[in-house]
Amino acid sequence: MNIFVAKLNFKTRKEDLEKAFSQYGQVASAKVITDRETGRSKGFGFVEMPNDDEANKAIAALNESELDGRTIVVKPGNAK
DNA sequence: GGTGAGCGA
């Protein structure tokens, strides 16, 4: 399942998302959308989880939760 | 070097 994560801290990296989501389930890959020109974080990213059950509980647990000192928004991304 | 709603190269 693709998971959309928004309102991240600007210093939050993809590995931070990976370890955060891995606490509630298996994480296939995590990505933080950084500006390809400047390299600065856009403040949102995507997390891919193989298990949909773990993905749902990870969203429920991490949505509106505190990550790196900022309240983040976690919800399903572009499903395929 | 900073901002703060939104879906990536």
Side-chain angles (χ1 to χ4, degrees):
Chain A
M1 169 175 280
N2 292 58
I3 304 176
F4 176 70
V5 187
K7 299 189 63 176
L8 294 171
N9 194 309
F10 293 101
K11 58 183 181 335
T12 302
R13 295 178 295 185
K14 60 179 65 172
E15 53 187 37
D16 294 316
L17 286 179
E18 184 176 353
K19 69 176 183 61
F21 279 79
S22 61
Q23 295 176 96
Y24 301 93
Q26 302 178 26
V27 177
S29 62
K31 179 194 298 181
V32 174
I33 308 304
T34 51
D35 195 296
R36 56 178 178 84
E37 299 184 60
T38 60
R40 284 173 285 175
S41 301
K42 290 185 178 181
F44 67 95
F46 292 90
V47 179
E48 300 180 51
M49 300 186 70
N51 292 358
D52 298 278
D53 179 69
E54 295 180 341
N56 289 317
K57 68 180 182 181
I59 294 175
L62 294 175
N63 185 34
E64 298 181 355
S65 64
E66 182 180 293
L67 180 60
D68 208 27
R70 300 300 176 182
T71 303
I72 64 176
V73 178
V74 183
K75 48 188 177 183
N78 291 332
K80 174 174 291 186

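Chain identifiers are assigned alphabetically (A, B, ...) following the order of the sequence lines, protein sequences preceding nucleic acid strands; residue numbering begins at 1 within each chain.
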When rounded to whole Å, the CD1 to C1' distance for the pair A:I33 and B:dG4 reads 16 Å
Rounded to whole Å, CZ of A:F10 lies from C1' of B:dA5 at a distance of 10 Å
Please check this pair: side chain of A:N63 against backbone of A:A60, looking for a donor-acceptor N/O pair closer than 3.5 Å.
no
Taken to the nearest whole Å, NZ/A:K42 to P/B:dC7 is 11 Å
Heavy atoms of A:Q26 and A:M49 approach each other most closely as O-CE, 3.2 Å
Quick one: does any side-chain atom of A:N9 pair with a main-chain N or O of A:D68 as donor and acceptor, under 3.5 Å? yes
Rounded to whole Å, CG of A:D35 lies from C1' of B:dT3 at a distance of 13 Å
- Query: Within the distance-only criterion (no hydrogens, no angle test), does the side chain of A:D35 pair as donor or acceptor with the backbone N or O of A:T38 below 3.5 angstrom?
  - Reply: yes
Q. Considering only heavy atoms and no angle criterion, is a donor-acceptor pair shorter than 3.5 Å present between the side chain of A:N9 and the base of B:dG4?
A. no
note: A:E64, atom CD; B:dA5, atom P; distance rounded to Å ~ 14 Å
By nearest-heavy-atom nucleotide on DNA chain B, the more 5' of A:L8 and A:V47 is A:L8
A:F4 has its side chain closest, among B:dG4, B:dC7, B:dG8, to B:dC7
Taken to the nearest whole Å, CG/A:N63 to P/B:dG6 is 15 Å
- Item | Ring centroids of A:F44 and B:dC7 base under 5.5 Å with planes under 30° | no
If only side-chain N and O atoms of A:K7 are considered, is one of them under 4.0 Å from the OP1 or OP2 phosphate oxygen of B:dC7? no
Exercise. So what does A:I3 hit on the nucleic acid, given a heavy-atom distance under 4.0 Å: a base, only sugar-phosphate, or nothing?
Worked result: nothing
Quick note, ring-ring contact (aromatic ring centres under 6.0 Å, His included) partners involving residues 16-53 of chain A, not counting sequence neighbours, are A:F4-A:F44, A:F4-A:F46
To the nearest angstrom, the CZ-P distance between A:F46 and B:dG6 comes to 14 Å
Contact class for A:K14 (heavy atom, under 4.0 Å): base, sugar-phosphate, or nothing?
nothing
